[in-house]
Protein chains: 2
Amino acid sequence: MAVKCNCPGCNDKLCLHKVPIFSSLDHDELVKIRPMIHHREYKKGDTIIFEGDIIDSIVIINEGSVKAYKNTSDGREQILYVFSEGDFFGEQNLFGNQVSTYSVEALEKVKTCNLSREMFQKLLYTYPEISVKIIDELGNRISRLENALSIGVRNVDNRIGWILLEFADKYGTADEAGIIIHLPFSREGIANYLGIARETLSRKFSQLENEGLIKSLNNKEILIPDLGKIAEIAGNS
Amino acid sequence: MAVKCNCPGCNDKLCLHKVPIFSSLDHDELVKIRPMIHHREYKKGDTIIFEGDIIDSIVIINEGSVKAYKNTSDGREQILYVFSEGDFFGEQNLFGNQVSTYSVEALEKVKTCNLSREMFQKLLYTYPEISVKIIDELGNRISRLENALSIGVRNVDNRIGWILLEFADKYGTADEAGIIIHLPFSREGIANYLGIARETLSRKFSQLENEGLIKSLNNKEILIPDLGKIAEIAGNS
DNA sequence: CGGACTGTTGAGAGATATCAATAAGCGTGG
DNA sequence: CCACGCTTATTGATATCTCTCAACAGTCCG
């Protein structure tokens with residue numbers, strides 16, 4: 001995903017190169033935008049934004065990954081997204097409501113590029129292609145949420161299959177024995193992503209392992225011998 | 001929501017006036033866009049788009065309302081949205097994937113304005129403010145879906161409260177006894193919206209009625225004496 | 001007025017949450 | 001490098017909730 005920049009005068013701080021939404025801009029344009037960007041750095045466990053905070057800038061992840069989550073009224077932590085290099089958040093808050101609808105926490109060391117509300121809006125008017133990219137990405141997020149909603153409201157098994165597919169796609173590496181998923185977080189995190197109890201996830205995973213559909217290599221890695229069978233569980237059409 | 005157009009030469013077919021995403025354009029610009037629009041009409045029960053269909057245009061609702069839903073792998077119908085006058089759909093399919101991720105069915109007589117993929121994209125480049133409006137609206141939809149997901153994955157009571165609030169906001173009229181909601185669809189429809197069994201909804205509604213929190217006037221109207229108490233049920237923070 | 005669809009209510013089955021106990025991993029400091 | 005303690009994960013037993021099946025009531029429409 002990271003685009004190597006070999007142009008003169010461009011150091012690794014020019015994170016804009018990594019960001020898909022700016023990919024249509026040429027180097028000169030990026031250089032113009034550069035001074036508008038503020039850089040931030042966080043360590044694992046830091047909270048970047050609290051739900052309810054006022055946000056005045058869009059945040060683009062330059063390095064590392066974060067989780068975005070809501071604290072529900074029954075005391076759970078519902079994870080909505082895992083964002084990593086090149087992803088952005090805070091865009092909902094650039095127009096009407098300026099209050100963040102979720103908290104964001106660093107899952108590892110994270111570097112961000114922050115672009116103020118005003119600057120970002122100005123960019124959208126100057127470079128319509130940025131808007132188009134954003135609309136595209138928001139459309140993808142919407143599709144994903146719609147899927148999660150329609151799958152997840154009832155059937156837990158489907159939802160587990162679905163999340164395994166998502167993880168395989170984002171964090172999987174091919175191996176001779178199948179696909180190895182490097183999980184972005186612990187079992188508890190996965191349970192919070194799925195909105196189920198930690199214990200239930202444990203049971204389901206044990207069951208899947210007994211059936212040979214997954215193999216738990218360690219707490220952060222899972223081997224999937226046959227992705228097709230997982231897709232069946234997910235009820236993929 | 002409907003904007004009265006009193007300019008000369010503008011008949012009621014100039015639906016663009018009703019559409020928030022075009023609200024920043026002046027009359028001359030709208031007139032230019034007008035020839036690009038194709039009009040369609042549907043009657044109650046008509047399916048406007050089937051999940052899986054190839055979509056090549058964005059659809060803006062000029063009159064009436066529709067439901068957008070997915071058929072889940074376990075045979076349910078999961079309703080995702082109710083769109084009405086001024087709302088649009090099909091925008092996810094204008095870039096990458098051209099296949100509709102949901103079906104859309106008319107809940108009553110519906111008139112639409114259809115704008116082709118190519119024309120729509122051209123508009124976005126010509127009028128950046130349209131993109132900004134769309135990003136804003138997509139942000140709202142995302143927030144709503146995130147809410148539905150975090151509320152709904154587990155707690156059914158919260159979800160019922162939440163949907164009552166949504167309905168009160170969209171379809172409610174103030175009355176001396178409280179807020180009267182004119183439901184967009186049947187109990188079965190509401191159950192499909194919530195992703196629960198029809199019978200469960202019945203029971204929950206009976207319970208709420210016993211507690212005096214709602215009053216079922218008839219199958220299409222509900223009275224809410226105290227919205228605050230419903231908000232409590234929704235677990236609103 | 002009758003039929004079909006929609007809504008309500010009851011009883012039992014199935015699934016997941018919760019509580020509790022045990023086991024396994026992880027980091028820290030000796 | 002190992003031992004200790006703390007956190008995370010697994011497994012078991014029970015409780016709670018929602019679904020499903022079934023019967024009945026109500027409503028809409030021809």
Side-chain angles (χ1 to χ4, degrees), chain A residues 43-45 67 72-79 105 107-108 150-163 181-211 214-222 233 235, chain B residues 43-45 67 72-79 105 107-108 150-161 163 181 183-211 214-222 233 235:
Chain A
K43 62 178 191 298
K44 179 177 177 176
K67 65 175 176 183
T72 67
S73 58
D74 53 337
R76 298 166 23 239
E77 168 185 310
Q78 176 67 51
I79 296 175
E105 185 185 316
L107 292 172
E108 53 194 319
S150 62
I151 289 175
V153 170
R154 278 213 209 168
N155 195 315
V156 169
D157 289 304
N158 286 5
R159 207 157 148 72
I160 289 178
W162 176 78
I163 213 173
I181 298 175
H182 305 267
L183 298 169
F185 30 53
S186 65
R187 299 297 151 97
E188 178 153 24
I190 298 173
N192 288 339
Y193 203 6
L194 291 167
I196 62 175
R198 199 170 72 238
E199 298 94 322
T200 304
L201 184 72
S202 247
R203 279 183 251 273
K204 295 289 186 187
F205 267 19
S206 300
Q207 195 184 324
L208 288 175
E209 190 145 12
N210 286 337
E211 295 167 0
I214 66 172
K215 186 155 172 44
S216 188
L217 302 178
N218 57 57
N219 276 343
K220 288 282 188 180
E221 287 181 323
I222 287 179
I233 295 174
Chain B
K43 63 178 192 298
K44 178 176 176 175
K67 66 176 175 182
T72 66
S73 58
D74 54 337
R76 295 180 302 115
E77 168 185 311
Q78 176 66 52
I79 296 175
E105 185 185 316
L107 292 172
E108 53 194 318
S150 62
I151 290 174
V153 171
R154 278 213 208 166
N155 195 317
V156 170
D157 290 303
N158 287 5
R159 207 156 149 71
I160 288 178
I163 213 172
I181 298 175
L183 297 169
F185 29 53
S186 65
R187 300 297 151 96
E188 179 153 20
I190 299 174
N192 288 339
Y193 203 5
L194 291 168
I196 63 177
R198 196 169 75 237
E199 297 94 323
T200 304
L201 184 72
S202 244
R203 278 182 252 272
K204 296 289 185 185
F205 267 20
S206 301
Q207 195 184 325
L208 288 175
E209 190 145 13
N210 286 338
E211 294 167 0
I214 66 172
K215 185 155 173 45
S216 187
L217 303 178
N218 57 57
N219 275 343
K220 289 282 189 180
E221 287 182 322
I222 289 179
I233 294 173

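Order of the sequence lines sets the chain letters (A, B, ...), proteins ahead of strands, with each chain counted from 1. The structure presented is a predicted model; accordingly, all values stated were derived computationally and were not measured. All values below come from the heavy atoms of this structure, side chains included, with hydrogens, waters and symmetry mates left out.
Of the inter-residue distances, the one linking B/Leu201 atom CG with B/Ile196 atom CD1 reads 4.5 Å to the nearest 0.5 angstrom. Distance CD1/A/Ile151 to CG/A/Asp157: 12.0 Å, rounded to 0.5 Å. Atom CD of A/Glu209 and atom CD1 of A/Ile214 lie 5.5 Å apart (nearest 0.5 Å). Put simply, CG on A/Leu194 and CZ on A/Arg159 are 5.5 Å apart, with the number rounded to the nearest 0.5 Å.
B/Leu194 has its CG atom 12 Å from the P atom of D/dT18, to the nearest Å. One atom, CG of A/Leu183, and another, P of D/dA9, lie 10 Å apart when rounded to the nearest Å. Counting to the nearest Å, the C1' atom of D/dG12 and the CD atom of A/Gln207 are 15 Å from each other. Counting to the nearest Å, the P atom of D/dT16 and the CG atom of B/Asn155 are 16 Å from each other. For the pair B/Lys44 NZ and D/dC28 P, the computed distance is 11 Å after rounding to whole Å. Per the geometry, CG belonging to B/Asn218 stands 16 Å off P belonging to C/dT6, to the nearest Å. One atom, CD1 of A/Ile196, and another, P of C/dA17, lie 6 Å apart when rounded to the nearest Å.
Residues passing the side chain to side chain donor-acceptor pair (under 3.5 Å) test with A/Asn158 are B/Ser73, sequence neighbours excluded.
Direction of the helix axis in the helix from C/dC1-D/dG30 to C/dG30-D/dC1 shifts by 40° between the two five-pair termini, rounded to 10°.
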**OP:** Test A/Asn218 against A/Glu221 for side chain to side chain donor-acceptor pair (under 3.5 Å), laying out the working first.
**Re:** CA-CA 5 Å; A/Asn218 57 57; A/Glu221 287 181 323; 3.2 Å; yes

Original post:
Given the rule in the salt bridge (charged side-chain N to carboxylate O under 4.0 Å, His left out) test, do A/Arg198 and A/Glu188 qualify, once you have shown the distances and angles that lead to the verdict?
Top reply: CA-CA 5 Å; A/Arg198 199 170 72 238; A/Glu188 178 153 24; 3.6 Å; yes

**OP:** Determine, stepwise, if the pair A/Ser202 / A/Arg187 fulfils side chain to side chain contact (heavy atoms under 4.5 Å, CB included).
**Re:** CA-CA 8 Å; A/Ser202 247; A/Arg187 299 297 151 97; 5.8 Å; no

**OP:** Test B/Phe205 against B/Ile222 for side chain to side chain contact (heavy atoms under 4.5 Å, CB included), laying out the working first.
**Re:** CA-CA 10 Å; B/Phe205 267 20; B/Ile222 289 179; 3.5 Å; yes

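Distances shorter than 4.0 Å separate some side-chain N or O of B/Lys204 from OP1 or OP2 on D/dT18.
Of the two residues near DNA chain C, A/Asp157 and A/Lys220, the one whose nearest nucleotide lies more 5' is A/Asp157.
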If you restrict it to nitrogen or oxygen atoms, what contacts under 3.5 Å exist between nucleotides 7-10 of chain C and the protein, and what is each distance?
from   : atom 1 : to       : atom 2 : distance (Å)
C/dG7  : OP1    : B/Arg187 : N      : 2.7
C/dG7  : OP2    : B/Glu188 : N      : 3.1
C/dT8  : OP1    : B/Arg187 : NH1    : 3.3
C/dT8  : OP2    : B/Ser202 : OG     : 2.5
C/dT8  : O5'    : B/Ser202 : OG     : 3.2
C/dT9  : OP2    : B/Ser206 : OG     : 2.5
C/dG10 : N7     : B/Arg203 : NH1    : 2.9
C/dG10 : O6     : B/Arg203 : NH2    : 3.3

